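Side-chain atoms are counted along with the backbone in the values below, which use heavy atoms only and exclude waters and symmetry mates. These numbers were taken from a predicted model, which means no experiment stands behind them.
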Amino acid sequence: MSSNFLSPELLKKAQDELNEDPTTRQQKLDELREILKRRPDIKFRTDDAFLLRYLRVRKFNVEKSFKSLVHYYDVRYEYKDIFTDFTPSAVRQQLEDQVHLILPGRDVHGRRILVLRPGKWNADTTSLTAHFKTLILFVELMSEDVKTQINGLTVIVDYKGMTKEHLKYFNPLVFRKYMDILKNAIPIRVKGVHCINQPKFLDVILYLVKPFVSEKIVKRLYFHGGKYGTLHEYIEPNNLPSEYGGAFQNVTSRKWIHKLLSKEEEIIANNRYGHPKSADALGGQNRRTDPVGGLVGSIRKLDI
């Protein structure tokens, strides 16, 4: 679906929830492109489809969209452990582990459904950073979809198999970095986070995460345990895998993995945008200090 053409249902939702107006959409795009000139030190992507992701996630507030775009390139420069060799081929094995699962259907609100399964992560063989790369690649891929831009994303976190051994790899700085990228830089609206099969030590995880998430997100957290009846109140069973009391059998992310791998060259091209020298930095060639300052050297919370 084109970024500019919306069905009547999607258009109404975009108007009601995101302040999108087809008669002023191009004007907002032009205003955003003009504001980008404030930062000649950053090489921005300026195609309509890319900029519309940020306008929609910031409800067509041009100034806030600009700040999010700047932060997108800031974090890609700052967090070199994540964005060096940031390509699907570099994490192909981790994609095949399917720690993250994108379900075939959507919920009743038209939201794409992403399942995170940290218990499937083998910390002895794969780094946490590698699996977080796969998550960001998936989320960026989903953010290209117009329906998802407007309807948002529903997340299920399945803690089955997660042990205290996994916890030793997490600390406040790790959570802060990951929340900074997901919440402040990636243009996607998370409308609900449903926790299932949560362990007794979940309180520790929440203690680490809570300082870095907004009150709005905290209010969108739901805890279902091992009984899926309450989960079905939010996501219909016919859109869930059989292990969650749903209709889908043997669900995999094979389709999404293939789609990611087919976009290898597009992702490499996208990596060339950003701060001066950052194209080299993202490819692992140049690790010098950002000559224009900004986020490099610090981890900064962005409140938009």
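Distance check, rounded to the nearest 0.5 Å: CG of L103 to CD1 of I156 gives 6.0 Å. F66 contributes atom CZ, which lies 12.0 Å from atom CG of L51 (distance to the nearest 0.5 angstrom). In this structure, L32 CG and L69 CG are separated by 5.5 Å, a value rounded to the nearest 0.5 Å. Taking OH of Y73 as the reference point, atom CG of D41 lies at 12.5 Å (rounded to 0.5 Å). Taking CZ of F201 as the start and NZ of K164 as the end, the distance is 7.5 Å to the nearest 0.5 Å.
Between the side chains of D30 and Q26, at least one donor-acceptor pair of N or O atoms lies under 3.5 Å. With 3.5 Å as the limit, one finds a donor-acceptor pair spanning the side chains of S68 and R58. S65 and R56 share no donor-acceptor pair across their side chains, judged by distance under 3.5 Å alone. Of the N and O atoms on the side chains of D180 and Y79, at least one donor lies less than 3.5 Å from an acceptor on the other residue. No donor-acceptor contact under 3.5 angstrom links the side chains of Q149 and Y54, judged on distance only. Looking at R106 and N151, their side chains never bring a donor and an acceptor atom within 3.5 Å of each other. Remark: the Q15 side chain and the N19 side chain contain no N/O donor-acceptor pair separated by less than 3.5 Å.
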Inset, instruction - Go through the steps to decide whether Y169 and W121 satisfy the test side chain to side chain contact (heavy atoms under 4.5 Å, CB included), and finish with yes or no. - result: CA-CA 12 Å; Y169 297 94; W121 165 45; 3.7 Å; yes
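Side-chain N or O atoms of S253 include one that pairs as donor or acceptor with a backbone N or O of I102 at under 3.5 Å. The backbone N or O of Q27 sits nowhere less than 3.5 Å from a side-chain atom of T24 that would complete a donor-acceptor pair. Listed for the N238 side chain is no donor-acceptor partner under 3.5 Å among the backbone atoms of A247. Although no hydrogens or angles enter the test, the distance criterion places a donor-acceptor pair under 3.5 Å between the side chain of H232 and the main chain of Y244. A donor-acceptor pair under 3.5 Å links the side-chain atoms of R33 to the main chain of T46, judged by distance alone.
The same ILVMFWY cluster, assembled from side-chain heavy atoms under 4.5 Å apart, contains both L55 and L36.
Residues satisfying the side-chain hydrogen bond (donor to acceptor under 3.5 Å, both in side chains) criterion with E243, sequence neighbours excluded, are absent altogether. Contacts of T23 classified as side-chain hydrogen bond (donor to acceptor under 3.5 Å, both in side chains), with partners at least two apart in sequence or in another chain: D21.
For the pair K43 and Y273, the distance from NZ or CZ to the six-membered ring centre is under 6.0 Å and the angle to the ring normal is within 45 degrees.
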Acceptor/donor pairs from residues 188-197 side chains to any protein atom, 3.5 angstrom cut, sequence neighbours excluded:
unit_1 : atom_1 : unit_2 : atom_2 : d
R189   : NH2    : E17    : OE1    : 3.3
R189   : NH2    : I150   : O      : 2.5
H194   : ND1    : H224   : NE2    : 2.9
N197   : OD1    : Y228   : OH     : 3.3
N197   : ND2    : D158   : OD1    : 2.9
N197   : ND2    : Y228   : OH     : 3.1

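Closest heavy-atom contact between V99 and H131: CG2-CE1, 3.4 Å. Scanning all heavy atoms of the two residues, the minimum distance from L95 to I257 falls at O-CD1, 3.3 Å.
Checked for salt-bridge contact, R92 and E264 miss the test: no charged N lies under 4.0 Å from a carboxylate O. A salt bridge is absent between K147 and D145: the closest approach of a Lys/Arg side-chain nitrogen to an acidic carboxylate oxygen does not fall below 4.0 angstrom. Look at D74 and R76 and you find no salt bridge, because none of the NZ, NE, NH1 or NH2 atoms lies under 4.0 Å from a carboxylate O.
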